[in-house]
Amino acid sequence: NYTQGGASGLNLTPQDLSERKSELEVQLKISQENIQAIENSIRKLRNNVGAYASKEATISSLERELDLATDEYRQAQEKYNAVLNVTNSQ
C-alpha cells in the first residue's frame with residue numbers, strides 16, 4: 001500500500017495512514033503486553049530469590065543446631081561409657 005514517489009518521498013493516502021496507525025497501535029499493544037509479562041516474570045524471580053535466601057538461612061541454622069546436638073550427644077555418650085567402665089571395674 002505504501003508507494004514511494006520520486007523526489008517528493010512517500011505518497012500516502014489518508015487510508016494508508018489510517019491502516020498504518022492501526023498496525024502500529026496493535027504492535028504497541030502487543031509490546032505493552034510483552035513488557036507486562038516480562039515484569040511479572042521478574043517479580044516472580046525476585047520473590048523466588050527472596051524465598052530461597054530465607055530457606056538457605058533456615059537450613060544453615062538447622063545445620064548448626066544439628067552439629068551442636070551431635071556434639072552434645074557424643075559428650076553424653078562418652079560420659080555414660082566412662083561411668084559404665086568405672087562401674088564394671090569395681
Side-chain angles (χ1 to χ4, degrees):
N1 282 358
Y2 312 118
T3 58
Q4 181 156 355
S8 63
L10 294 176
N11 293 323
L12 300 173
T13 66
Q15 183 179 351
D16 291 336
L17 292 173
S18 178
E19 288 174 10
R20 182 67 178 146
K21 179 184 175 201
S22 295
E23 290 170 6
L24 291 173
E25 286 172 343
V26 168
Q27 289 177 3
L28 176 62
K29 181 70 174 166
I30 291 170
S31 294
Q32 289 170 334
E33 290 172 357
N34 286 340
I35 289 170
Q36 186 64 40
I38 291 169
E39 287 174 345
N40 288 339
S41 293
I42 290 170
R43 263 191 297 283
K44 287 178 185 176
L45 289 171
R46 284 184 178 152
N47 288 337
N48 288 344
V49 167
Y52 177 76
S54 175
K55 288 177 184 175
E56 281 294 311
T58 301
I59 289 171
S60 293
S61 176
L62 291 172
E63 286 175 338
R64 283 190 301 272
E65 288 181 32
L66 176 62
D67 290 341
L68 181 61
T70 300
D71 288 342
E72 289 174 355
Y73 173 78
R74 283 187 192 136
Q75 290 173 4
Q77 190 174 27
E78 287 172 4
K79 288 179 183 178
Y80 175 76
N81 289 337
V83 168
L84 282 180
N85 288 339
V86 168
T87 307
N88 287 338
S89 0
Q90 294 178 358

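As the structure is a computational prediction, the values presented were derived from the model and not from experiment. What's counted below: heavy atoms across the whole structure, side chains too, no hydrogens, waters or symmetry copies.
For the pair Ser22 (side chain) and Ser18 (backbone), a donor-acceptor distance under 3.5 Å is present.
Of the N and O atoms on the side chains of Gln36 and Gln32, not one donor lies less than 3.5 Å from an acceptor on the other residue.
Between Leu62 and Leu66 there is no side-chain heavy-atom pair separated by less than 4.5 Å. Within the 4.5 Å cutoff, side-chain heavy atoms of Ile35 are placed close to those of Glu39.
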**Asked** Given Asn34 and Ser31, is the side-chain hydrogen bond (donor to acceptor under 3.5 Å, both in side chains) satisfied, shown in steps?
**Response** CA-CA 5 Å; Asn34 286 340; Ser31 294; 5.4 Å; no
**Item:** Worked check of side chain to side chain contact (heavy atoms under 4.5 Å, CB included) between Leu28 and Leu24
**Value:** CA-CA 6 Å; Leu28 176 62; Leu24 291 173; over 6 Å; no
**Request:** List the steps and the verdict of side-chain hydrogen bond (donor to acceptor under 3.5 Å, both in side chains) for Gln27 and Glu23.
**Result:** CA-CA 6 Å; Gln27 289 177 3; Glu23 290 170 6; 5.7 Å; no
**Asked** Where do Thr70 and Arg74 land on the side chain to side chain contact (heavy atoms under 4.5 Å, CB included) test, with the steps shown first?
**Response** CA-CA 6 Å; Thr70 300; Arg74 283 187 192 136; 3.6 Å; yes
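Remark: Arg43 CZ is packed, more than 12 non-hydrogen atoms of other residues, nucleotides or ligands lying under 6.0 Å away.
We find that Arg64 and Asp67 are not joined by a salt bridge, their nearest charged nitrogen and carboxylate oxygen being 4.0 Å or further apart. The existence of a salt bridge linking Lys21 and Glu25 is confirmed by a sub-4.0 Å separation between a basic side-chain nitrogen and an acidic carboxylate oxygen.
In this structure, the separation between CG on Asn48 and NZ on Lys55 is 8.0 Å, given to the nearest 0.5 Å.
Residues Asn11 and Asp16 share a closest heavy-atom pair of O-OD2, 4.3 Å.
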